[in-house]
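In the text below, chain A, chain B and the rest are named by the order of the sequence lines, each starting its count at 1.
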Protein chains: 2
Amino acid sequence: MTPQTIADTLQADILSGALPPGTPLGQTDLAARFGVSRIPVRDALAQLAAGGIITASPNRTATVLKLDTAEVEEMFHMRMLLECDLIGRAVPNMTPSDHSALDLALERSSLEARQDNWASGDQMFHAALYAPAKRPLQSAMADDLRRACSVQVASYDQLVEKAERWLTEHEGIVAACHAGDPKEAQRLLRRHLRAARNHLQKAMKD
Amino acid sequence: MTPQTIADTLQADILSGALPPGTPLGQTDLAARFGVSRIPVRDALAQLAAGGIITASPNRTATVLKLDTAEVEEMFHMRMLLECDLIGRAVPNMTPSDHSALDLALERSSLEARQDNWASGDQMFHAALYAPAKRPLQSAMADDLRRACSVQVASYDQLVEKAERWLTEHEGIVAACHAGDPKEAQRLLRRHLRAARNHLQKAMKD
DNA sequence: GTCCGTATACATGTATACAAAATCAGAGGC
DNA sequence: GCCTCTGATTTTGTATACATGTATACGGAC
């Protein structure tokens, strides 16, 4: 039970919705759960805090990240900036093998999404989408932002059930990539993100 | 000596150039230096790693962030995306008090810069510049990126000596803000970042 | 002379124990 | 009934001690 393993496990729990936003993550409890002392747990929590999916302040127990609507606005806006730029660079760079890798990722992400694992599939799809851009740092940052958004999404069943719609939008983006049309890919991606943001914000107002 | 204090001190040392990129940051040494055990040192290092100004991997000693030219390219590109967007939103939002705060920040940053503290002044200036955009998350992310860039810049005396030129560019940006011209501000900011990137990359090729 | 294996030294990782801070519950006052 | 203060409980922070992992240097084989 290494800190990395603990962090990965917790992240999976958070992204699956098992640990909804605001859930307290006590060090003692987690230490007991994973059968280790609190030290590696602290490391794991630090990792998750670095990734931005939990909030941690000194002397208070960490909690699963909980955004308000303004913060959701910001997050999705940053995603648009970074991801639209990435896809714009990725499309012209796509080799035949990139295209097939993208198809594969789309398919695998559909499977994941239908196995109650939307976040994981979404992450995989977008990773394949931006990989040809060859921008590891920017992609990593976009990944973090997307994960933070997924944490919020995962807590609303009604949104997870929109998976079908989002998969359709993914297909459209892939089509634009295969057609070698960066502008269209950007446009569809922007729409995709805007739609996701709107649904999330609407759900949050309950 | 709280972890926060330790992290702040180390960050200042790194941004001043006292600890150039690649410098090893041994836990034991730091614990001795700050007169604490290794635990709070580990926390401090985790914070710095989260901020992206050191590199830390399990079972090896952390080192001050060292970027190659491709990574510098990426960092500055992300800065352009985030910061140009921020300034575009900030300018139309600037109140009279924002304008005077900006002037003050410009002045204070000039003083800092001439006191061998370029990074701190630069940080302060850009913070004031983007504050009216009311985008705390995006500003924080831009801050991190800028800090990481400053770490590299700080290690080249020849670049630090360009402070005068950069201050002049800052003045130009401020002028565009006072004129209420977001497009011009964005253009100048983009030029500013491009110039900084070019000089850094050129210096790195030695 | 070069390469590889091993042993030693060193740095990091983790557990336990204790200290400090924060939270919570209940008694008292308004 | 509500707020406030206080004490008890819980939770996090830190120091020490030990375990584990990594890098280095040395010796031997080829």
A/F34: partners by ring pair (Phe, Tyr, Trp, His ring centres under 6.0 Å), with sequence neighbours left out:
none
Report yes or no: does B/Q152 contribute a side-chain atom to a donor-acceptor pair with the main-chain N or O of B/L65 at less than 3.5 Å?
yes
Donor-acceptor contact below 3.5 Å, side chain A/E83 vs main chain A/M80:
no
NZ/NE/NH1/NH2 to OD/OE distance under 4.0 Å, B/R33 and B/D13
yes
Do the side-chain N and O atoms of B/E112 and B/S120 include a donor-acceptor pair separated by under 3.5 angstrom?
yes
Nucleotides bounding contact with chain B, strand DNA chain D, heavy-atom threshold 4.0 Å
D/dT14 to D/dA23
Show me the donor-acceptor pairs within less than 3.5 Å that the side chains of residues 188-195 of chain A make with the rest of the protein, sequence neighbours left out.
from	atom 1	to	atom 2	distance (Å)
A/H192	ND1	A/E169	OE1	2.5
A/H192	NE2	A/H170	NE2	3.1

Can you sort out which residues in residues 48-65 of chain B have a heavy atom within less than 4.0 Å of DNA chain D? Ascending by number, please.
B/N59, B/R60
Does a side-chain N-to-carboxylate-O contact under 4.0 Å join B/R42 and A/D43?
yes
Pairs under 3.5 angstrom only: tabulate donor-acceptor contacts from the side chains of residues 50-64 of chain A to other protein residues two or more places apart or in another chain.
from	atom 1	to	atom 2	distance (Å)
A/T55	OG1	A/T63	O	3.3
A/T55	OG1	A/T63	OG1	2.9

Using a strict heavy-atom distance below 4.0 Å, which residues from residues 25-43 of chain B are in contact with DNA chain D?
B/V36, B/S37, B/I39, B/P40, B/D43
Contact summary for B/L102 and B/M94, nearest pair of heavy atoms
CD2-CE, 4.0 Å
Using a strict cut-off of less than 4.0 Å between a Lys/Arg side-chain nitrogen and an Asp/Glu carboxylate oxygen, indicate whether A/D122 and A/R147 qualify as a salt bridge.
no
